[in-house]
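Step one of this worksheet: look at the structure below.
We're numbering straight along the sequence, starting at 1.
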Amino acid sequence: MNSVGRRALQLVLSAIAISAVTRCGGLSGKLVRLSILNTLRLPTGYQGSGIAVQGSLAYISMEAIGSQSGARSLVIVSLETATAPTILSVTSSGLTSDMGGIVVRGNYAYVPYESASGTNFQVWNVSNPRSPSVAGSASISCPAGMYPFQNPALYGDYVYVSCWQSEVTTTGAFAIVDVSNPASPVVTRSVSVNANYQPISFAIWEQDLYVVATQGGSTSDNVLLYSIEDPTCPQLMATVSVPHSPQWAAAEGTVALIPIYDGMELQVIDFSNPSSPQTTSASLGSCHPMNVAVYLSDLALMPCDSPGGVAEVNVATADRPSYLGTTLSGTMFNFLTASGSYIYGVDARGNFEAVGP
């Protein structure tokens with residue numbers, strides 16, 4: 001199927017999905033009052049830098065709280081009892097750089113590290129969650145002064161890893177890593193983004209790659225849409241300007257959800273027609289959002305840096321996102337991810353939290 005036919009099919013399926021949610025009741029359009037169901041302490045001196053949930057397991061990449069000289073560890077948590085998670089393993093990576101994020105599929109987890117040189121990407125064998133091991137590693141060469149950062153994205157046998165550094169204003173890039181042989185991952189390509197911008201976050205839906213690109217000191221940043229029909233050769237399809245300080249990308253079909261830290265808002269961009277993307281937004285009150293997770297198909301959840309809490313936006317229809325309010329006031333999460341009826345997060349105090357309505 002060509003790209004035009006594929007995108008038309010995606011649009012039809014998205015419309016069907018939205019219609020189905022509406023008919024079946026979905027969310028009521030009212031604030032979902034969340035509560036913390038369980039708190040699990042992570043290794044002392046560290047906090048989560050990313051979460052991936054697969055089945056009844058959560059995989060947490062780690063970074064230091066303050067200055068720590070020890071090797072960072074991969075933490076695997078059992079969610080067999082969703083409201084009472086337990087740690088199954090804490091395994092050293094052998095690397096002292098902070099983990100940049102994590103993505104998991106099947107028996108393998110993929111983790112970049114915030115280091116500009118040496119080994120800064122690992123493939124973990126997690127087939128035995130009580131005893132995971134490093135299966136292979138690689139060195140990603142980022143543009144000068146930058147390093148692998150934040151949430152990677154996985155498509156087929158390829159992992160997309162951003163190169164970023166907040167104090168550098170030169171052009172950034174993202175690396176494409178072939179992980180078809182877990183014992184020997186290979187960087188196949190580096191893709192530069194807009195001049196003087198740097199990629200900070202990814203989201204993938206079908207064969208669409210959404211890239212958030214930011215620039216220190218600018219008044220506006222960009223969201224880029226690439227086709228990855230050929231995963232080693234992304235083709236730029238659209239560029240949309242957004243207010244400065246986008247933090248993350250999430251995708252629901254042809255719609256990208258982009259939280260804006262400084263503007264305290266959620267940008268909702270409909271790319272169903274790449275030649276003319278449509279943007280709407282929802283103000284988040286006093287919430288400075290740090291990332292976004294989609295819960296039960298049509299609710300965007302964003303942890304607030306200040307004053308804490310989780311902002312909720314109903315995104316059932318892309319052209320009418322509505323801010324519902326903020327729940328869990330005073331709780332400051334670094335990241336959230338949703339799985340079924342539950343939400344899981346890590347906070348700046350080094351805790352893993354199970355959250356539910």
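Using a 4.5 Å heavy-atom cutoff, the side chains of T279 and Q267 are in contact. Using a 4.5 Å heavy-atom cutoff, the side chains of V310 and F333 are in contact. By the 4.5 Å heavy-atom criterion applied to side chains, Y323 and S281 are not counted as neighbours. Inter-residue side-chain proximity for I87 and L40 is flagged as met; some heavy-atom pair is nearer than 4.5 Å. By the 4.5 Å heavy-atom criterion applied to side chains, V126 and Y108 are not counted as neighbours. Side-chain atoms of V242 and I269, non-hydrogen and from C-beta on, do get closer than 4.5 Å to each other. R72 places none of its side-chain heavy atoms less than 4.5 Å from the side chain of S97. Residues P132 and S89 are in side-chain contact: their nearest non-hydrogen atoms beyond the backbone lie under 4.5 Å apart.
Both V32 and I36 are assigned to one and the same hydrophobic cluster, defined by single-linkage of ILVMFWY side chains at heavy-atom distances under 4.5 Å. Side-chain heavy atoms closer than 4.5 Å link hydrophobic residues (I, L, V, M, F, W, Y) into clusters, and following such links, even through other members, never connects L57 to Y110. In the hydrophobic clustering of ILVMFWY residues, with side-chain heavy atoms under 4.5 Å counting as a link, V111 and L95 come out together. In the hydrophobic clustering of this structure, L257 does not group with Y261; members are Ile, Leu, Val, Met, Phe, Trp, Tyr whose side-chain heavy atoms approach within less than 4.5 Å, directly or through other members. Under a hydrophobic-cluster definition in which Ile, Leu, Val, Met, Phe, Trp and Tyr are linked whenever side-chain heavy atoms come within less than 4.5 Å, directly or via other members, I258 and M264 are assigned to different clusters.
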### Task
For the pair H244 and T219, evaluate side chain to side chain contact (heavy atoms under 4.5 Å, CB included) and give the outcome as yes or no after the intermediate values.
CA-CA 5 Å; H244 179 56; T219 57; 5.5 Å; no
### Task
Starting from the C-alpha separation in whole Å, work towards a yes-or-no answer on side chain to side chain contact (heavy atoms under 4.5 Å, CB included) for Y158 and I228.
CA-CA 10 Å; Y158 298 91; I228 51 174; over 6 Å; no
### Task
For side-chain hydrogen bond (donor to acceptor under 3.5 Å, both in side chains), just list the numbers for N107 and S127, CA-CA rounded to whole Å, side-chain angles, deciding distance to a tenth of an Å, and then say yes or no.
CA-CA 5 Å; N107 290 329; S127 57; 5.1 Å; no
### CA sep, side-chain torsions, deciding dist, call: S201, N151, side-chain hydrogen bond (donor to acceptor under 3.5 Å, both in side chains)
CA-CA 6 Å; S201 181; N151 63 316; 3.2 Å; yes
### Stepwise side chain to side chain contact (heavy atoms under 4.5 Å, CB included) test for I176 and V191
CA-CA 8 Å; I176 304 174; V191 179; 4.0 Å; yes
### Query
Taking it one step at a time, do M99 and L74 satisfy side chain to side chain contact (heavy atoms under 4.5 Å, CB included)?
CA-CA 9 Å; M99 293 176 163; L74 173 67; 4.3 Å; yes
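A 6.0 Å sphere centred on CZ of R33 holds no more than 12 heavy atoms belonging to other residues, nucleotides or ligands.
Pairing each heavy atom of A109 with each of V104, the nearest pair is CB-CG2, 3.7 Å. Taking each heavy atom of L328 and S35 in turn, the nearest pair found is CD2-CA, 3.8 Å. Closest of all the heavy-atom pairs between T326 and A311 is OG1-CA, 3.9 Å. Across every non-hydrogen atom of V292 and A250, the tightest pair is CG1-CB, 3.7 Å. The two residues M302 and P259 make their nearest non-hydrogen contact at SD-CB, 4.2 Å. Residue L224 comes nearest to A213 through the heavy atom pair CD1-CB, 4.5 Å, listed as atom of the first residue, atom of the second, then distance.
Within the structure, every pair that satisfies the ring pair (Phe, Tyr, Trp, His ring centres under 6.0 Å) test and touches residues 336-357, not counting sequence neighbours, is listed here: Y344-F352. Residue pairs meeting the disulfide bond (SG atoms under 2.5 Å apart) criterion with at least one partner in residues 290-357, sequence neighbours excluded, are C287-C304. Applying the side-chain hydrogen bond (donor to acceptor under 3.5 Å, both in side chains) definition to pairs two or more places apart or across chains, none involves residues 134-143.
With no hydrogens or angles considered, a side-chain donor-acceptor pair links S276 and Q278 at under 3.5 Å. Side-chain contact annotation: T91 with S73, donor-acceptor N/O pair under 3.5 Å absent. Neither side chain, E265 nor S283, offers a donor N or O lying under 3.5 Å from an acceptor on the other. N334 and Q47 share a side-chain donor-acceptor pair at under 3.5 Å.
Contacts of Y113 classified as ring pair (Phe, Tyr, Trp, His ring centres under 6.0 Å), with partners at least two apart in sequence or in another chain: none. In this structure, the ring pair (Phe, Tyr, Trp, His ring centres under 6.0 Å) partners of Y226, at least two apart in sequence or on a different chain, are F174. By the ring pair (Phe, Tyr, Trp, His ring centres under 6.0 Å) test, Y197 is found to be paired with no residue, residues two or more places apart in sequence or in another chain being considered.
In this structure, the side chain of E312 does not engage the main chain of T327 through any donor-acceptor pair within 3.5 Å. Judged purely by atom type and a 3.5 angstrom limit, T331 has no side-chain atom pairing as donor or acceptor with the backbone of G309. Not a single donor-acceptor pair under 3.5 Å links the side chain of N351 to the backbone N or O of L42. Formation of a donor-acceptor pair under 3.5 Å by the D305 side chain with backbone atoms of G308 is not found in this model. A donor-acceptor distance shorter than 3.5 angstrom exists from the side chain of Q198 to the backbone of Q165, with no hydrogens or angles considered. For the pair Q215 (side chain) and T169 (backbone), a donor-acceptor distance under 3.5 Å is absent. No donor-acceptor pair under 3.5 Å is formed between the side chain of T317 and the backbone N or O of D319. Put simply, the side chain of S78 never gets that close to the backbone of L88: no donor and acceptor are under 3.5 Å apart. No side-chain donor-acceptor contact under 3.5 Å links T280 to the backbone of R320. At distances below 3.5 Å, not a single donor-acceptor pair connects side-chain atoms of T214 with backbone N or O atoms of D221.
Rounded to the nearest 0.5 angstrom, D98 CG and F149 CZ are separated by 10.5 Å. Rounding to the nearest 0.5 Å places CD of Q68 at 10.0 Å from CE of M62. The structure places CG of L34 at 6.5 Å from CG of L301, a figure rounded to the nearest 0.5 Å. Here Q247 contributes atom CD and M290 contributes atom CE; the two are 8.5 Å apart, rounded to the nearest 0.5 Å. How far OG of S245 is from CG of D262: 3.5 Å, rounded to the nearest 0.5 Å. The distance from the CD atom of E114 to the OH atom of Y147 is 5.0 Å, given to the nearest 0.5 Å.
Salt bridge present: D157 and R105 bring a charged side-chain N and a carboxylate O closer than 4.0 Å.
Checking I200, N291, V212 one by one against Q150, the side-chain contact (heavy atoms from CB on, under 4.5 Å) holds for a single residue, I200. Checking each of W248, Y160, F271 against Y210 for a ring-ring contact (aromatic ring centres under 6.0 Å, His included) leaves exactly one that passes, namely F271.
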